There are 2 protein chains.
Amino acid sequence: MAHNQSSPEAGVGPDRKAALNNTLRHRILTMQIAPGSVLDEVALSEEFGLSRPPVREAMRQLAGEGFIELEANRPARVTSMSYQSLRDFFLIAPMIYVAATRLAAEHASKADIAGLREIQDSFRDAVHSNDVDGRVFYNDKFHLRVGEIANNAYVLPSLRRLLIDHARIGKIFYRPSNARMLEELHEASRQHDEIIDAIANHDADRAEALIRAHLDLSRKNMAMYAAPEGMAISLGV
Amino acid sequence: MAHNQSSPEAGVGPDRKAALNNTLRHRILTMQIAPGSVLDEVALSEEFGLSRPPVREAMRQLAGEGFIELEANRPARVTSMSYQSLRDFFLIAPMIYVAATRLAAEHASKADIAGLREIQDSFRDAVHSNDVDGRVFYNDKFHLRVGEIANNAYVLPSLRRLLIDHARIGKIFYRPSNARMLEELHEASRQHDEIIDAIANHDADRAEALIRAHLDLSRKNMAMYAAPEGMAISLGV
DNA sequence: TGCGCGCAGAATGTCTACAAAATGTAGACT
DNA sequence: AGTCTACATTTTGTAGACATTCTGCGCGCA
């Protein structure tokens with residue numbers, strides 16, 4: 001349990017605004033707040049010990065990052081998901097993930113690799129200790145960090161948007177009772193390690209192959225859940 | 001002059017907040033506000049007849065879209081550009097533009113095509129009447145609309161970010177005295193028409209080829225401007 | 001009984017005023 | 001003369017109160 005993003009008493013501390021942002025992100029990623037839910041401004045301002053203006057600013061920011069959707073004179077809602085979202089996700093994700101990973105392999109410094117390994121250590125721990133939220137959280141952090149290492153302002157926006165739904169898809173289709181799924185989580189963790197190695201070696205081609213396999217694993221998992229009997233399901237591509 | 005986005009007296013009207021957003025976007029796209037410039041909250045609130053809180057909300061929103069950059073306790077600054085930006089842009093732009101255009105070709109309805117043609121009419125007018133800002137504005141609108149028709153929430157964020165710098169690059173390297181450049185603007189306009197036709201015919205392959213040629217034209221223009229004397233370009237901070 | 005109108009409650013949007021942080025400047029000390 | 005420090009100014013951040021808009025319920029009417 002390395003992270004405590006969702007502390008119950010968040011109304012204290014030096015930087016309550018950052019706490020609000022991080023906590024909301026975490027709750028949305030882990031689906032503690034379900035897609036489509038409404039966010040009440042006063043409730044949040046009371047929870048985090050802020051007045052409404054800074055809360056509203058945070059909302060605008062989160063909306064820009066794709067976590068929530070705003071409409072005039074209407075409450076903020078967590079970005080919704082649909083069957084269409086799944087299709088769109090697996091259609092675009094390979095392109096963006098590959099671009100980010102290849103660029104990361106080209107640009108990564110020693111410090112970047114060290115940072116990546118640190119995140120991956122936390123991710124591995126979460127997988128081994130069956131900490132579902134921690135796994136979702138550090139998986140997000142891992143891929144986001146790869147995107148930051150890529151150091152290209154034009155890939156990051158879509159990558160950020162994809163990662164939100166990547167996390168939520170991972171949570172939706174996660175079934176703890178399934179032994180095969182557990183094995184595949186460990187497989188995903190191993191893939192992370194290999195991706196780091198490929199990036200460290202500046203081997204963009206290998207990094208690309210690995211990230212593609214990584215996404216295919218997610219997609220297969222999801223398809224397996226949605227269509228256990230081997231039904232044809234068109235997942236784009 | 002079909003658009004009046006930058007009306008001098010913006011402090012009136014029913015929706016001053018939308019006016020603030022649109023005007024700022026327009027000014028940044030056309031570089032009426034240079035990259036790296038600071039935006040003063042009180043000045044904007046006075047200009048648009050608003051108080052600071054809604055202005056600050058708009059700032060957060062624009063920051064999320066990539067127009068400006070925010071730092072704690074520091075004034076908002078228009079997103080800066082550098083030589084690195086140019087490289088990054090032409091590295092990623094083809095990928096995103098192609099994805100958006102192909103998806104648009106697959107999804108476009110009759111109404112979508114009509115909307116595109118309408119925008120393109122305004123763009124063509126701007127090109128023929130040498131309305132530089134109008135050209136930049138409607139070019140942005142055109143490609144943004146294509147992205148909206150693509151109807152994929154994961155391509156749009158990066159496309160939006162790219163379009164900001166696409167507009168600004170177009171302005172930076174625009175030289176009205178150059179006859180060859182004028183001809184290439186008309187060529188770009190013709191390409192728009194062809195892209196619409198390809199999308200209308202659901203011909204994704206042709207749409208892809210056209211959008212690639214469209215970007216190559218921009219890139220060639222820029223290289224032509226940058227390379228002749230072999231001088232390094234200073235892009236204002 | 002079903003539909004539409006209108007009012008009451010609640011939530012969002014905005015404003016003014018105050019607090020805190022950062023910057024620029026002037027003065028004093030080394 | 002240079003630099004550090006303390007203060008004053010400016011600007012950003014926040015709070016609480018007010019205005020406006022939406023929602024839901026109940027009443028009245030066909």
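In what follows, chains are A, B, ... by sequence order, proteins preceding strands, each numbered from 1. Given the structure is predicted, the values throughout are model-derived calculations rather than measurements.
Take A:Ser189 and apply the side chain to side chain donor-acceptor pair (under 3.5 Å) test, not counting sequence neighbours, and it matches A:Gln120. Scanning for side chain to side chain donor-acceptor pair (under 3.5 Å) contacts around A:Asp88 gives A:Gln84, with sequence neighbours left out.
A:Lys17 has no side-chain polar atom (N or O) that falls below the 4.0 Å cut-off from OP1 or OP2 of D:dG13. OP1 or OP2 of C:dT23 has at least one side-chain nitrogen or oxygen of B:Arg74 nearer than 4.0 Å. Phosphate contact (OP1/OP2 of C:dT14, side-chain N/O of B:Arg16, threshold under 4.0 Å): absent. Between A:Arg56 and C:dT12, a side-chain N or O to OP1/OP2 separation shorter than 4.0 Å is absent.
A straight line from CZ of A:Arg60 to C1' of C:dT12 spans 10 Å, rounded to a whole angstrom. Whole-Å rounding puts the A:Leu39 CG to C:dG13 P distance at 13 Å. Per the geometry, CZ belonging to B:Phe48 stands 14 Å off P belonging to C:dT14, to the nearest Å. Regarding A:Asp15, its CG atom lies at a distance of 11 Å from the P atom of D:dG13, rounded to whole Å. The interatomic distance linking A:Leu44 (CG) with D:dT14 (P) rounds to 15 Å, in whole Å. Atom-to-atom, CD of A:Glu41 to P of D:dT21 comes out at 16 Å; the value is rounded to the nearest Å. Distance B:Glu71 CD to C:dA21 C1': 14 Å, rounded to the nearest Å. Atom pair A:Leu50:CG and C:dA20:C1' shows a separation of 15 Å (rounding to whole Å applied).
When each of A:Asn73 and A:Pro54 is assigned the nucleotide of DNA chain D bearing its nearest heavy atom, the one mapping closer to the 5' terminus is A:Pro54.
In summary, the side chains of B:His192 and B:Asn139 do present a donor paired with an acceptor at a separation below 3.5 Å, with no hydrogens or angles considered. Between the side chains of A:Tyr97 and A:His166, at least one donor-acceptor pair of N or O atoms lies under 3.5 Å.
Residue side chain A:Arg52 does not reach the base of D:dG16 through any donor-acceptor N/O pair under 3.5 Å, judged by distance alone.
Between the A:Ser37 side chain and the A:Ile33 main chain, no donor and acceptor come within less than 3.5 Å of each other.
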